[in-house]
Number of protein chains: 2
Amino acid sequence: MEHPSAPTPGRLRTTPSWLLTQTATHAARLVTTALGAHHARGYHYRLLATLAETGPASQADLGRHSGIDRSDIVATLNDLADRHLVRRQPDPTDRRRNIVHITPAGRRELTTLQHALDTAQDTLLAPLDPTDRRELVRLLDLLLTHHNEPKG
Amino acid sequence: MEHPSAPTPGRLRTTPSWLLTQTATHAARLVTTALGAHHARGYHYRLLATLAETGPASQADLGRHSGIDRSDIVATLNDLADRHLVRRQPDPTDRRRNIVHITPAGRRELTTLQHALDTAQDTLLAPLDPTDRRELVRLLDLLLTHHNEPKG
DNA sequence: CCCTATTCATTGGCAACGCCAACATTGGCA
DNA sequence: TGCCAATGTTGGCGTTGCCAATGAATAGGG
C-alpha cells in the first residue's frame, strides 16, 4: 500500500480485521524483501522448513503439513529442484508418489533464509518491548488456533 | 489455506510475521465473505467509507486517503458508479480532475456493508475476551503506526 | 479377483490485493 | 513562454490462496 498522506479513515483505525491485514501487509513486505535477497519467496521457505522438520515426504503430505495447495507445491518444488535444494524421487512402494528430500545445499539455504527472516522479525516488532511481543504472539496464536480448528 | 492435517511447523508457530499473515488471511476470508454477500469487495467498502468521511474528493485524493493505488481507484469507481453508489463529476476549476460524490444509495450501501463487517469482527475475535481484544488492537495499532510513518 | 472409490502429481485457471510504467491532458510556476 | 508536476486511465506484473480436471496408480469392498 502507498503511504497515506492523511491518516487512515477513523473507522478503520479500530477495526481489527483492518489492523490485521494492514500489519500483515507490512510483515509480508519485510519477509518478501528478506527472502527476495536470496531469490526465494514465502512458499520456498515454507517448503524447505517443512522438509527439514518432517524429513522426506510425498508432495501431498508436504501440502498438508505446510498448508500449501498441492498444485502450488508442484511449481515451488520445480523451482527448488532446479536449484538443487531438493530432490524428487519416485516412491518404490507407491508409484503415484514422489518422495521429496531436502539436499545439504537445501539445508544451507534454509539456514540462510532463517537468518534473513529472524532479522525481519526484529524490524517488524521494533516498536514493541519484549512483553508486548510475547503478548502479541499469544493473542495471534489464540486467533489462529481457533480459526484453524473448525468445530464442525 | 487448507486446513493442515498436522500442526503447522513448529518454527512458524512463534514467528510473528507468520502469525500475522495467517490470522490476516482468516480475517480477509471473513471480510471477503461478508462483503461478497452484498456483491462488494474490500476496495468498494474502503472507497465508500473514505468518501463518507472526507466528503467529495478527487480520485487522487481518494487514493491518498484510502491507501489505494490510483489505477485501482479507477476500476473500483467504475463498479460503484455502475451501481449508482457514486457519481463522477468534472471539476470546473481543474479539468484534470473528477470530483467524486457518494450518493444516498451509496450511503445506504455503506451502512449495510458496515453491519456485515461488524459481524465479521465478532466472528474474528470470538476467542478473545474484551480485555484481550483491546490489547490486540493496541498492539497492532502500535505496529501499524510505526511502519506507516517512515522516519526518513 | 474385479470394480469402484480414492489418492497422487500435474496442468491450467481464477480472484483479491498491492504496485509500477506509460500516456495524454491540464495546471502551476519560474 | 517553457518546463515540471499532477491527474485520470490503460495495461501489466507478482504473491498468495484457491478450485477443477486429468491420467496414472492404489486401496477397499463385494
Side-chain angles (χ1 to χ4, degrees), chain A residues 1-5 17-18 20-36 39-47 57-64 66-79 81 88-100 147-148, chain B residues 1-5 17-18 20-36 39-47 57-64 66-79 81 88-100:
Chain A
M1 190 198 317
E2 290 181 357
H3 294 132
S5 67
S17 65
W18 168 263
L20 267 177
T21 53
Q22 289 312 296
T23 49
T25 297
H26 284 289
R29 180 159 33 224
L30 290 172
V31 165
T32 297
T33 302
L35 296 180
H39 314 95
R41 288 169 297 142
Y43 279 4
H44 296 136
Y45 168 77
R46 278 158 73 178
L47 276 196
S58 71
Q59 299 184 190
D61 280 344
L62 280 180
R64 282 184 280 263
S66 66
I68 300 177
D69 190 89
R70 283 204 295 279
S71 61
D72 298 317
I73 296 271
V74 176
T76 307
L77 283 184
N78 287 344
D79 294 344
R88 263 192 271 228
Q89 200 171 84
D91 183 339
T93 77
D94 186 339
R95 282 183 295 179
R96 289 170 304 181
R97 282 181 234 205
N98 290 328
I99 300 181
V100 183
H147 289 287
N148 265 348
Chain B
M1 189 199 313
E2 291 183 358
H3 295 131
S5 68
S17 66
W18 168 262
L20 265 178
T21 53
Q22 290 312 297
T23 50
T25 297
H26 285 289
R29 182 160 30 224
L30 290 172
V31 166
T32 297
T33 301
L35 295 181
H39 314 95
R41 289 169 296 143
Y43 279 4
H44 295 135
Y45 169 76
R46 278 158 71 177
L47 276 195
S58 72
Q59 300 183 190
D61 280 344
L62 280 179
R64 282 183 281 262
S66 66
I68 301 178
D69 190 90
R70 284 203 298 280
S71 60
D72 297 318
I73 296 271
V74 176
T76 307
L77 284 184
N78 287 344
D79 294 344
R88 263 193 269 232
Q89 200 171 84
D91 184 338
T93 76
D94 185 341
R95 281 183 298 178
R96 290 172 303 180
R97 283 183 230 203
N98 290 329
I99 300 181
V100 183

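Labels below follow one simple rule: chain letters A, B, ... track the order of the sequence lines, proteins then strands, and each chain is numbered from 1.
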Study note, to complete from the structure: Atom CZ of B:R97 and atom P of D:dG8 are separated, to the nearest Å, by 7 Å
Check your understanding: Can you tell me how far P of D:dG23 sits from CZ of A:R70, to the nearest Å?
Key -> 17 Å
Practice item. Could you check which of D:dG17, C:dC8, C:dG18 has an atom nearest any side-chain atom of A:D72? Key: D:dG17
Practice item. Would you indicate which nucleotide in C:dC8, D:dG8, D:dA6 comes nearest to any side-chain atom of B:R96? Key: D:dA6
**Study point:** B:R95 side chain, from C-beta outward: closest of D:dG8, C:dG27, D:dG17
**Key:** C:dG27
Review point. A:D69 has an atom CG; how far is it from atom P of C:dA15, in whole Å?
Key: 17 Å
Point to revise | Side-chain donor/acceptor contact of A:T21 with base of C:dC17 under 3.5 Å | key: no
Practice item. From the options C:dA9, D:dT7, D:dG8, select the nucleotide whose nearest atom is closest to the side chain of B:Q59. Key: D:dG8
Point to revise | A:D94 vs B:T93, nearer the 5' end of DNA chain C by closest nucleotide | key: A:D94
Exercise for review: Tell me what A:S58 touches on the nucleic acid: a base, only sugar-phosphate, or nothing, going by heavy atoms under 4.0 Å.
Suggested key: sugar-phosphate
Review point. Taking CD from B:Q89 and P from D:dG8, how many angstroms apart are they, rounded to a whole number?
Key: 14 Å
Exercise for review: Sequence neighbours left out, what passes side chain to side chain donor-acceptor pair (under 3.5 Å) with B:R95? Give chain and number order.
Suggested key: none
Point to revise | Given DNA chain C, 5'-ward residue of the pair A:V74 and B:A40, judged by closest heavy atom | key: A:V74
Practice item. Specify the closest pair of heavy atoms between B:V31 and A:S17, including all atoms of both residues, with the distance to one decimal. Key: CG2-OG, 3.6 Å
Review point. Rounded to the nearest Å, what distance is computed from the CG atom of residue B:L30 to the P atom of nucleotide D:dG17?
Key: 15 Å
Revision key, fill the gap. Whole-Å distance, B:L47 CG to C:dC17 P, equals 11 Å
Check your understanding: Of the options A:D79, A:T32, A:T76, which is the one that meets A:R41 in a side-chain hydrogen bond (donor to acceptor under 3.5 Å, both in side chains)?
Key -> A:D79
**Study point:** Atom pair distance, as rounded to whole Å: OH in B:Y43 and P in C:dA15
**Key:** 15 Å
Check your understanding: A:N78 side chain N/O closer than 4.0 Å to the phosphate oxygens (OP1, OP2) of C:dA9?
Key -> no
Check your understanding: Closest approach of B:H44 and B:H39, non-hydrogen atoms and distance?
Key -> ND1-O, 4.4 Å
Practice item. Just compare C:dT10, C:dC20, C:dA16 and give me whichever is closest to any side-chain atom of B:R41. Key: C:dA16
Study note, to complete from the structure: Heavy-atom nearest nucleotide on DNA chain D taken for A:P92 and for B:A75; more 5' hit belongs to B:A75
**Study point:** N/O donor-acceptor pair, side chain A:S71 with base C:dG12, under 3.5 angstrom
**Key:** yes
Exercise for review: Searching all strands shown, indicate the nucleotide that pairs with C:dA30 (Watson-Crick or G-U wobble; both distances under 3.5 Å).
Suggested key: D:dT1
Exercise for review: Search all heavy atoms of A:H147 against all heavy atoms of B:H26 and return the closest pair with its distance.
Suggested key: O-CE1, 3.5 Å
Point to revise | Pairing nucleotide - D:dA24, Watson-Crick or G-U, each distance under 3.5 Å | key: C:dT7
**Study point:** Gap between atoms CZ and P, on B:R46 and C:dA16 respectively (whole Å)
**Key:** 14 Å
Exercise for review: Identify the heavy atoms of B:S58 and B:R97 that sit nearest to each other, and give their distance.
Suggested key: CB-CD, 3.8 Å
